[in-house]
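Below is one structure, written out as structure tokens, with a few remarks after it.
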Amino acid sequence: MKQSFLLTLTLLCLCASSIKAQSIESPNGRITIQVKGKGLTVCWQQQPVLDIPTISDDALSLKRVRRVTDDYTMLTGKRRHCTNKANEYRSGALTLRVYNDGIAFRYANKTGNTVYNIPEGTRRWMQQWCDSYEGFFPLTTTYKVEPVPSYSGISKSDEGWNNRWGYPALLEPVKDVFVLLTEANIERGQSASCLFNDGELFRVVPAEQYAVSASDHTPWRVAVIGKLADVVESTLVTDVSEPSKIAKTSWIQPGVASWIYWAYNHGSNDYDIICKYVDMAVTLHLPYVLIDAEWDEMKNGKTIEDAVAYAKEKGVRPLIWYNSSVGWVNGAPGPKFRLNKAEDREKEFAWCERIGVAGVKIDFFSGDNQRNMDYCQDLLESAARHHLLVNFHGATIPRGWQRTWPNLMTTEGVYGAEWYNNVATFTSQAARHNATLPFTRNVIGPMDYTPCAFSDSQHPHITSPAHELALTVLFESGLQHLADRPESFLSQPQQVQDFLGALPTAWDETRYVSGYPGESVVLARRSGKTWYVAGINGSDSPQSLVLAKDFLKGSVRQMTLFADNEQGGWSIQALNELPTKVACLPRGGFIIRIQTK
């Protein structure tokens, strides 16, 4: 009897030890995974939140191979000092990492086989795919959505519903618990992917079946998991991306730029107008001016070199625009075909460096295919050799290149303020859209939304002045291009002008404070000893936005509130203490700048 008892106890101990050894979890134990044949169920604090019915072609036998620990510095983004830990597991061609704020996995020697199950009834904010990623993230609980007819790359199911979706995709599978799906670390020889659905099953499908790169693996498939704070503050996209390939980075300087296009719905072929925007940058103490399209057809008997020289003489660093010449070419503005061949690109970027251009905005790409992915990385590498900052416009979303090539300051891939020039649709939807982006598109990387318009372009805006100013803090972008015309900015109160002149565009720390996608958002961002707390109301009704003090460390030296008054103007006042709530007008907003000792 005694021997039988000891044998049973031994078997139980061995079984328990085996179960523990097979436990698949994050370093802090908050995220756990259950294996189901060829798939997984991902749990957050014991609640199933993500069903991946297919992640492998074969039955899984995941074995832990190592503990991943990373510590790195970003020159732009939501956090300067980034750290992360993960447990890494493998099963055949699959490598799986379980982080404290999500999971990431990739495949060796093939494109992989990933299917997510998103049940009907799940709250979701998903963008219909188009090659420029310029679309809304509407809240819905179903995949049964009418396709937007104007989108490029439109795809329909047999029932007529849209069935192609872009990243990132935000889900709320359990109340107050969120999953954000995306991908990261696109390398040369690879294409990006998107989601195609057949009912509730969403497949990860590369833009084309590519030959696996020399690194012999696919990009990382990424799911950020947790509360809204976990999602908003996550750096998982850069955590799994390759480290910086630029040895010396002191020349890379984020900053705010005056931007010529928005007010005129036109490029920058008028030398006198360029000079107005340079002068505006001088008055507001902005470091950059962006000279947009058509500078190769300069009027007034001047050339682009004259415009660059004028900016440099005034102490403003010029950025200039190029057509990528792989997307919209016929009928599109120029200059064209100057960057496509390696020898032409080197010659052009060397000329930019020689005359004093600080960076380039490259526009009109053509989707997620391998040609575009390789071309973008070629552009970043060549630009780095010539100390040029880069802004990809009309391009795909960030997938971690901002870490690998830190001269990538920003990327469009967003339905931004430029759309006030194009359609009337944006006017009524902008506030809700703006209150969605910090939880969706801007989570994964810099976003060239071109914020802060106090006046109107071709179509009016109905967001308040404080809402518009708050966007300059809420929307992270290494180069923050201010949309409005000089006379509009220079007619604002001096405190607003001074605010823009001192605005950081790279942050030491970012904290989620309150909000819900599409309804409202309050974020706190720190640069040095100064905190910027920004909030917007995404609704058409008055709303009080909740604040918290847990991010504040040290005593406060000065605190200033920028808010709306009832007449639609400014209310700017010093505060003695941080309020617990701030009342906002419909589509209103606020900023509190807190300078600590």
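Any value given below was found using the heavy atoms of this structure, including those in side chains, with hydrogens, waters and symmetry copies removed.
- Nearest heavy-atom pair, G226 versus W44, reported as atom, atom and distance to 0.1 Å: CA-NE1, 3.6 Å.
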After noting the C-alpha distance and the side-chain angles of T411 and R441, does the key distance pass the side-chain contact (heavy atoms from CB on, under 4.5 Å) rule? CA-CA 11 Å; T411 300; R441 165 62 182 84; 4.1 Å; yes
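- Although no hydrogens or angles enter the test, the distance criterion places no donor-acceptor pair under 3.5 Å between the side chain of Q402 and the main chain of T238.
- Inter-residue side-chain proximity for Y151 and N162 is flagged as unmet; no heavy-atom pair is nearer than 4.5 Å.
- Judged purely by atom type and a 3.5 angstrom limit, D292 has no side-chain atom pairing as donor or acceptor with the backbone of I260.
- The aromatic rings of Y420 and F426 lie perpendicular to each other, with more than 60° between the two planes, well past the 30° mark.
- Side-chain contact between Y288 and L389: present, with at least one pair of heavy atoms (C-beta onward) separated by less than 4.5 Å.
- For Q492 (side chain) and Q497 (main-chain N/O), no donor-acceptor pair under 3.5 Å exists by modelled atom type.
- At a cut-off of 3.5 Å, with distance as the only test, a side-chain donor of D239 or Y72 sits close to an acceptor on the other residue.
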Should T560 and Q495 be marked as a side chain to side chain donor-acceptor pair (under 3.5 Å) after you check the CA-CA gap, both sets of side-chain angles, and the distance that decides it? CA-CA 10 Å; T560 306; Q495 299 102 310; over 6 Å; no
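- D484 and S455 share a side-chain donor-acceptor pair at under 3.5 Å.
- K78 places a side-chain N or O within donor-acceptor distance of the main-chain N or O of V443, the cut-off being under 3.5 Å.
- For the atom pair CD of Q47 and CG of D176, the computed distance is 9.5 Å after rounding to the nearest 0.5 Å.
- No donor-acceptor distance shorter than 3.5 angstrom exists from the side chain of E183 to the backbone of R399, with no hydrogens or angles considered.
- Within the structure, every pair that satisfies the side-chain hydrogen bond (donor to acceptor under 3.5 Å, both in side chains) test and touches residues 526-535, not counting sequence neighbours, is listed here: E509-R526.
- Remark: L139 pairs with R123, W125 by the side chain to side chain contact (heavy atoms under 4.5 Å, CB included) rule, at least two apart or across chains.
- Checking Y261, F364, F392 one by one against W321, the ring-ring contact (aromatic ring centres under 6.0 Å, His included) holds for a single residue, F364.
- Minimum interatomic distance between F196 and S155 (heavy atoms only, all atoms of both residues): CE2-OG, 3.6 Å.
- Contact record, A257 with L286: C-CD1, 4.2 Å, taken as the closest heavy-atom pair.
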Check the pair S366, D131 against side chain to side chain donor-acceptor pair (under 3.5 Å), reporting the backbone distance first and the verdict last. CA-CA 6 Å; S366 57; D131 57 13; over 6 Å; no
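- Distance alone, capped at 3.5 Å, places no donor-acceptor pair between the N421 side chain and the N265 backbone.
- Note: L228 CG to S514 OG = 10.0 Å, rounded to the nearest 0.5 Å.
- Applying the side chain to side chain contact (heavy atoms under 4.5 Å, CB included) test to T76 and every residue at least two apart in sequence or in another chain returns P254, M409.
- The distance from atom CG of L290 to atom CG of D448, rounded to the nearest 0.5 Å, is 8.5 Å.
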What verdict does the side-chain contact (heavy atoms from CB on, under 4.5 Å) test give for E412 and S132, after you've listed the backbone C-alpha separation in whole Å, the side-chain angles of each residue and the deciding distance to 0.1 Å? CA-CA 8 Å; E412 190 182 22; S132 65; 5.8 Å; no
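- Nearest approach of N185 to E242, heavy atoms of both residues: OD1-N, 3.1 Å.
- Ring centers of F137 and W165: at least 6.0 Å apart, outside the cut-off.
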L547 and I592: CA distance, side-chain angles, deciding distance, side-chain contact (heavy atoms from CB on, under 4.5 Å) verdict: CA-CA 11 Å; L547 273 65; I592 302 175; 3.6 Å; yes
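- Looking at residues two or more places apart in sequence or on another chain, you find a side chain to side chain contact (heavy atoms under 4.5 Å, CB included) between P438 and F475, V521, L523.
- Between T235 and N84, every side-chain heavy-atom pair lies at or beyond the 4.5 Å cut-off.
- Residues L578 and M559 form a side-chain contact, since some pair of their non-hydrogen atoms from C-beta on lies under 4.5 Å apart.
- One finds the CG atom of L319 at 6.0 Å from the CG atom of L479 (value rounded to the nearest 0.5 Å).
- Take L585 and apply the side chain to side chain contact (heavy atoms under 4.5 Å, CB included) test, not counting sequence neighbours, and it matches D564, E566.
- Between Y133 and W129, the ring-plane angle classifies as perpendicular under the 30° and 60° cut-offs.
- Side-chain contact check for N391 and T410: no donor-acceptor pair (N or O, by modelled atom type) lies under 3.5 Å.
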Using the rule given for side chain to side chain donor-acceptor pair (under 3.5 Å), can you reason through E134 versus W419, listing the C-alpha separation, both sets of side-chain angles and the distance that settles it, and then say yes or no? CA-CA 9 Å; E134 294 178 63; W419 277 89; 2.7 Å; yes
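- When side chains are defined from C-beta on, D456 counts as touching H461, because their heavy atoms get closer than 4.5 Å.
- In this structure, the side chains of P517 and L170 come closer than 4.5 Å at one or more pairs of heavy atoms.
- Side chain of D508 to backbone of G528: a donor-acceptor contact under 3.5 angstrom is found.
- Remark: the backbone N or O of G135 is paired with a side-chain donor or acceptor of Q127 at under 3.5 angstrom.
- Under the 3.5 Å distance criterion, with hydrogens and angles disregarded, no donor-acceptor pair is assigned to the side chains of T218 and R221.
- Looking only at atom types and distance, the side chain of H81 has a donor-acceptor partner in the side chain of D71 under 3.5 Å away.
- Looking at D378 and R188, a side-chain N of the basic residue comes within less than 4.0 Å of a carboxylate O on the acidic one, giving a salt bridge.
- Considering only residues two or more places apart in sequence or on other chains, W220 meets the ring-ring contact (aromatic ring centres under 6.0 Å, His included) condition with none of them.
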List the steps, then state whether side-chain contact (heavy atoms from CB on, under 4.5 Å) holds for C584 with F590. CA-CA 8 Å; C584 287; F590 73 90; 3.9 Å; yes
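- In this structure the side chain of M126 reaches within 4.5 angstrom of the side chain of L195, judged on heavy atoms.
- Between D70 and the options K85, R403, R97, a salt bridge (Lys or Arg N to Asp or Glu O under 4.0 Å) holds for only R403.
- Of all non-hydrogen atoms in V237 and G400, the two that sit nearest each other are CG1-N, 3.6 Å.
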Might you work through the side chain to side chain donor-acceptor pair (under 3.5 Å) test for T510 and R79, ending with a clear yes or no? CA-CA 6 Å; T510 293; R79 183 178 300 113; over 6 Å; no
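- Here the closest heavy-atom approach between residue A431 and residue R587 is recorded as CB-CG, 3.6 Å.
- At least one side-chain heavy atom of I397 sits under 4.5 Å from a side-chain heavy atom of Y167.
- A distance-only check finds a donor-acceptor pair linking the side chain of T436 to the backbone of R432 [under 3.5 Å].
- Here the CG-CG distance, from L469 to L474, works out to 10.0 Å after rounding to the nearest 0.5 Å.
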